[in-house]
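Worksheet: the structure to be examined is printed underneath.
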Amino acid sequence: MLLPRPLTAVPGQGEFVLDHRTTLGAPASLAGVLASLRAALRPATGLPLREAEPAGITLALDGTLGAEAYRLRVTAESVTVTGGAPAGVFHGCQALLQLLPPAIHRKAAVAGVRWSLPAIQVYDHPRFPWRGLMLDVARHFLPKHEVLRIIDLMALHRLNTLHLHLTDDQGWRVEIRRYPRLTEVGSWRRESQVGASGGRPDGRPHGGHYTQDDIREIVAYAAERFVTVVPEIETPGHVQAALAAYPSLGVTGEPLEVWTRWGVNRNVLNAEESTVAFFTGVLDEIMDLFPSHHIGVGGDECPQDQWLADPRSRQRMAELGVTDLRAWFVGRLGAHLTAAGRRPFGWDELLEGDPVPGAVIASWRGTAGAVTAARRGHDVVSCPDDMVYLDYRQSELPTEPIPVSIPLTVRDVYAFDPVPPALTADEARHILGGQANLWTEHADSPRTVDYLLFPRLCAVAEALWSPPGGDYADFDRRLTHHRQRLTAFGVEHRHPDGPHPWQQRPGIPGRPATREQRAAHIARLVAAFQNP
């Protein structure tokens, strides 16, 4: 019943029973993983789980294994979790937890449960090094404790990269101390659009941001669970929250409010050196907060018409000898990150202009970006919207809340393969992995986030961890049991038959599309870069 599906799992005879005599043991180098395992086991079992040598449950390292690989051996007498590095041991502990009854995920003692592990030998390692979730906290803010809960759920599913979308037109969510107005002004808006096209304003202020201490806590909490947090600061479009705080950053310099609508916004950054310096200053603080090698710089959905209509912007293009200020701006930020030993990470629109050296491309508009980027020598994180955009509706049912784009069922998501079949073996080496993306224009509460993420994120996790060519019927069988784990954890996942009444949003318009309409739209968007 393991999820994601392991590479090999050989059942044995008998079982290992956890009771008041059960002990734990690990070398000092695995003290953090041991503490994590004890913290996961104690609440529901109520067992003391003391340390001893020899121990009933032992954690160990084996340098011949890959860093994230693990072996799990359960007999009637003992349990051993071995990994190539602490991350592998941690993943093996997650598998161990899944062998126990689902009630292990409850936060208080559960009576009447026999805490037994079936005898088994498991060997496992991930297919891809980047197994991620993009979480948009800009459109609707998620309190810190909810971000920490999502990190726990990522760890349970062996996902290891949280891409935090921290800034956009509708809100700036991270404290930058040298520019305090970014959060004083930019972190809240006076109201929000409810629904998609033609949606009405709700008349209700919305806001929130993470202090630098909050960010440090989130990053440290994630690191303890072997999850890397990759921040994204949007530029040079999707920036109206920053322009509301500092109008001089804009093309017109006119006062603006934090945007209250959804969609692509025409207001962009100007191309002055002072604006570049402003954002390199932002990135300096971001790099102090986030130790991740990759730093997101955006680059997507940036209209050029405001620059083309502005005499000063046209003059700057002439001075710089460029025709694309978007590519120039992102390139300047990319160079700053590279000089600091980091790597720029941006959306596949970066392929439309001059290349940003060393940039990792998040390919979202189908697979065209992944193919183009890999053939040009860029590393790629695959996140095609028609496979892993988890804000998209989950069925054709009229009761789906605020239906967006095409239906993406669990079966559809399970078919996700980050490697486009058009790539050669050499080109495919540029695919680092993939991630699911959750945009939150229409997810205004943690309950809605749960509904959109689960159980589809379970399918993404298996697609990124397990060998290709999975059997959906087998996955669905395991998912039926896994739903009990999600329930015990407190996740308000979508029922297989459709949304519960309280998960529906009757009378609020969405923007549903057919697959043909979506394919035609994406084809128009990617016409700017053709495969070499």
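We use all heavy atoms of the structure for the numbers below, so side chains are in, but hydrogens, waters and symmetry mates are not.
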### Query
Can you name the closest pair of heavy atoms from Leu464 and Pro418 and give their distance?
CD2-CG, 3.5 Å
#### Entry: Aromatic centroids of His378 and His430 separated by under 6.0 Å
no
### Task
Look at the rings of Phe329 and Phe279 and say which category their plane angle falls in: under 30° parallel, 30 to 60° tilted, over 60° perpendicular.
perpendicular
### Query
Can you tell me how far CG of Leu59 sits from CG of Leu37, rounded to the nearest 0.5 angstrom?
6.0 Å
## Note on the structure
Here the gap from Thr167 atom OG1 to Ile233 atom CD1, rounded to the nearest 0.5 Å, amounts to 4.5 Å
## Note on the structure
Heavy-atom nearest pair, Val380 first then Ser363, reads CG1-CB, 4.1 Å
### Query
Just wondering, do Val219 and Pro291 contact through their side chains at under 4.5 Å, heavy atoms?
yes
### Worked verdict on Thr424 versus Asp426 for side-chain hydrogen bond (donor to acceptor under 3.5 Å, both in side chains)
CA-CA 5 Å; Thr424 67; Asp426 284 342; 5.5 Å; no
### Task
Would you name the heavy atoms of Asp168 and Ala241 that are closest together and state the gap between them?
O-CB, 3.2 Å
### Query
Is Arg71 reaching over with its side chain to a backbone N or O of Gln121, donor-acceptor style, under 3.5 angstrom?
no
### Query
Is any NZ, NE, NH1 or NH2 atom of the basic residue among Asp169 and Arg139 found under 4.0 Å from an Asp or Glu carboxylate oxygen of the other?
no
### Task
Considering only NZ, NE, NH1 and NH2 on the basic side and carboxylate oxygens on the acidic side, decide whether Arg131 and Glu68 come within less than 4.0 Å.
yes
### Query
So, do Trp130 and His293 have ring centers that fall under 6.0 Å from each other?
no
### Query
Any donor and acceptor pair, going by atom type alone, linking the side chain of Asn160 with main-chain N or O of Pro129 inside 3.5 Å?
yes
### Message
Between Arg456 and Val413 (side chain of the first, backbone of the second, donor and acceptor by atom type, cut-off under 3.5 Å), is there such a pair?
### Response
no
### Message
Run Ile176 and Ile286 through side-chain contact (heavy atoms from CB on, under 4.5 Å) and show every step you take.
### Response
CA-CA 8 Å; Ile176 303 297; Ile286 290 295; 4.1 Å; yes
### Query
Just how far is it from atom CG of Leu159 to atom CD1 of Ile151, taken to the nearest 0.5 Å?
12.0 Å
### Message
Set out, in order, the CA-CA distance, both residues' side-chain angles and the distance that settles ring-ring contact (aromatic ring centres under 6.0 Å, His included) for Trp172 and His165, then state yes or no.
### Response
CA-CA 10 Å; Trp172 187 285; His165 185 78; over 10 Å; no
### Nearest-0.5 Å distance that lies between atom CG in Leu452 and atom OG1 in Thr440
10.0 Å
### Message
Check whether Gln503 reaches the backbone of His500 with its side chain - one donor and one acceptor, N or O, closer than 3.5 Å.
### Response
yes
### Tyr70 vs Phe90 side-chain heavy atoms within contact, under 4.5 Å
no
### Message
Check for me whether the distance between the ring centres of His125 and Trp465 falls short of 6.0 Å.
### Response
no
### Query
Looking only at heavy atoms, which two atoms of Leu166 and Pro231 are closest? And how far apart?
CD1-CB, 3.9 Å
#### Entry: Distance-only donor-acceptor check, side chains Glu285 and Gln212, under 3.5 Å
yes
### Message
Taking the side chain as everything from C-beta on, heavy atoms only, tell me whether Glu400 gets closer than 4.5 Å to Pro499.
### Response
yes
### Query
Distance-only, no hydrogens or angles: does the Arg127 side chain make a donor-acceptor pair with backbone N or O of Ser466 under 3.5 Å?
no
### Message
Taking Glu352 first and then Arg365, would you say they form a salt bridge - that is, a charged N and a carboxylate O separated by under 4.0 Å?
### Response
yes
### Message
Please report whether the ring centroid of His163 lies less than 6.0 Å from that of Phe345.
### Response
yes
#### Entry: Greater than 12 external heavy atoms within 6.0 Å of Arg73's CZ
no
### Task
Determine whether Val449 and Ile150 make a side-chain contact, defined as any pair of heavy atoms from C-beta on separated by less than 4.5 Å.
yes
### Approximate separation, where rounding is to 0.5 Å, of Leu486 CG and Leu156 CG
7.5 Å
### Query
Looking only at atom types and distance, does a side-chain atom of Glu224 sit under 3.5 Å from a main-chain N or O of Gly32, one as donor and one as acceptor?
no
### Message
Quick check against the 3.5 Å criterion: does Arg343 have a side-chain atom that pairs as donor or acceptor with the backbone of Gly358?
### Response
yes
### Query
Taking all atoms of both residues into account, what is the closest heavy-atom pair of Val122 and Ala9, and its distance?
CG2-CB, 4.2 Å
### Query
Are Val230 and Leu164 side-chain neighbours, meaning at least one heavy-atom pair lies under 4.5 Å?
no
### Thr367 side chain to Pro420 backbone, donor-acceptor under 3.5 Å
no
### Message
Would Asp476 and Arg411 count as a salt bridge (Lys or Arg N to Asp or Glu O under 4.0 Å) here? Give the steps.
### Response
CA-CA 9 Å; Asp476 190 53; Arg411 181 187 288 269; over 6 Å; no
### Query
Can you find a pair of side-chain heavy atoms, one from Tyr392 and one from Asp386, that are under 4.5 Å apart?
no
### Message
I'd like to know if Arg494 pairs up with Asp450 as an ion pair, taking the criterion as any Lys NZ or Arg NE/NH1/NH2 lying under 4.0 Å from an Asp or Glu carboxylate oxygen.
### Response
no
### Query
Can you tell me how far CG of Leu24 sits from CG of Leu49, rounded to the nearest 0.5 angstrom?
5.0 Å
### Query
Only one of Val10, Leu72, Thr8, Thr82 clears side chain to side chain contact (heavy atoms under 4.5 Å, CB included) with Tyr123; which?
Thr8
### Query
Considering only heavy atoms from C-beta outward, does the side chain of Leu350 approach that of Ile361 to under 4.5 Å?
yes
#### Entry: Glu232 and Trp347: side chain donor to acceptor below 3.5 Å
yes
### Task
Classify the side-chain pair His493/Thr487 by whether it contains a donor and acceptor separated by less than 3.5 Å.
yes
#### Entry: Stepwise side-chain hydrogen bond (donor to acceptor under 3.5 Å, both in side chains) check, Glu492 with Tyr451
CA-CA 6 Å; Glu492 293 199 27; Tyr451 173 84; over 6 Å; no
### Arg478 and His481: side chain donor to acceptor below 3.5 Å
no
### Query
With distance as the sole criterion, is a donor-acceptor pair present between the side chains of Thr211 and Asp213 under 3.5 Å?
no
### Task
For Asp124 and Arg5, run salt bridge (Lys or Arg N to Asp or Glu O under 4.0 Å): C-alpha distance rounded to whole Å, both residues' side-chain angles, the deciding distance at 0.1 Å, then the answer.
CA-CA 9 Å; Asp124 205 7; Arg5 172 173 54 96; over 6 Å; no
### Message
Strictly distance-based, threshold 3.5 Å: is any side-chain N or O of Thr338 a donor or acceptor partner for the main-chain N or O of Gly334?
### Response
yes
### Query
Does one side chain, of Glu175 or Tyr210, offer a donor that lies under 3.5 Å from an acceptor on the other?
no
### Query
Taking all atoms of both residues into account, what is the closest heavy-atom pair of Asp417 and Pro468, and its distance?
OD2-CB, 4.3 Å
### Ring-face cation contact, Tyr221 with Arg225, 6.0 Å cut, 45° max
yes
### Message
Check this for me: does any side-chain nitrogen of one of Asp152 and Arg149 sit under 4.0 Å from a carboxylate oxygen of the other?
### Response
no
### Message
So His482 and Phe475, do their side chains get closer than 4.5 Å, heavy atoms only?
### Response
no
### Message
I'd like to know whether Trp364 forms a side-chain hydrogen bond (donor to acceptor under 3.5 Å, both in side chains) with Gln435, so could you lay out the CA-CA distance, the side-chain angles of the two residues, the decisive distance to 0.1 Å, and finally the verdict.
### Response
CA-CA 10 Å; Trp364 72 274; Gln435 63 184 32; over 6 Å; no
### Task
Mark yes or no for whether Arg511, through its side chain, and Val404, through its backbone, hold a donor-acceptor pair below 3.5 Å.
no
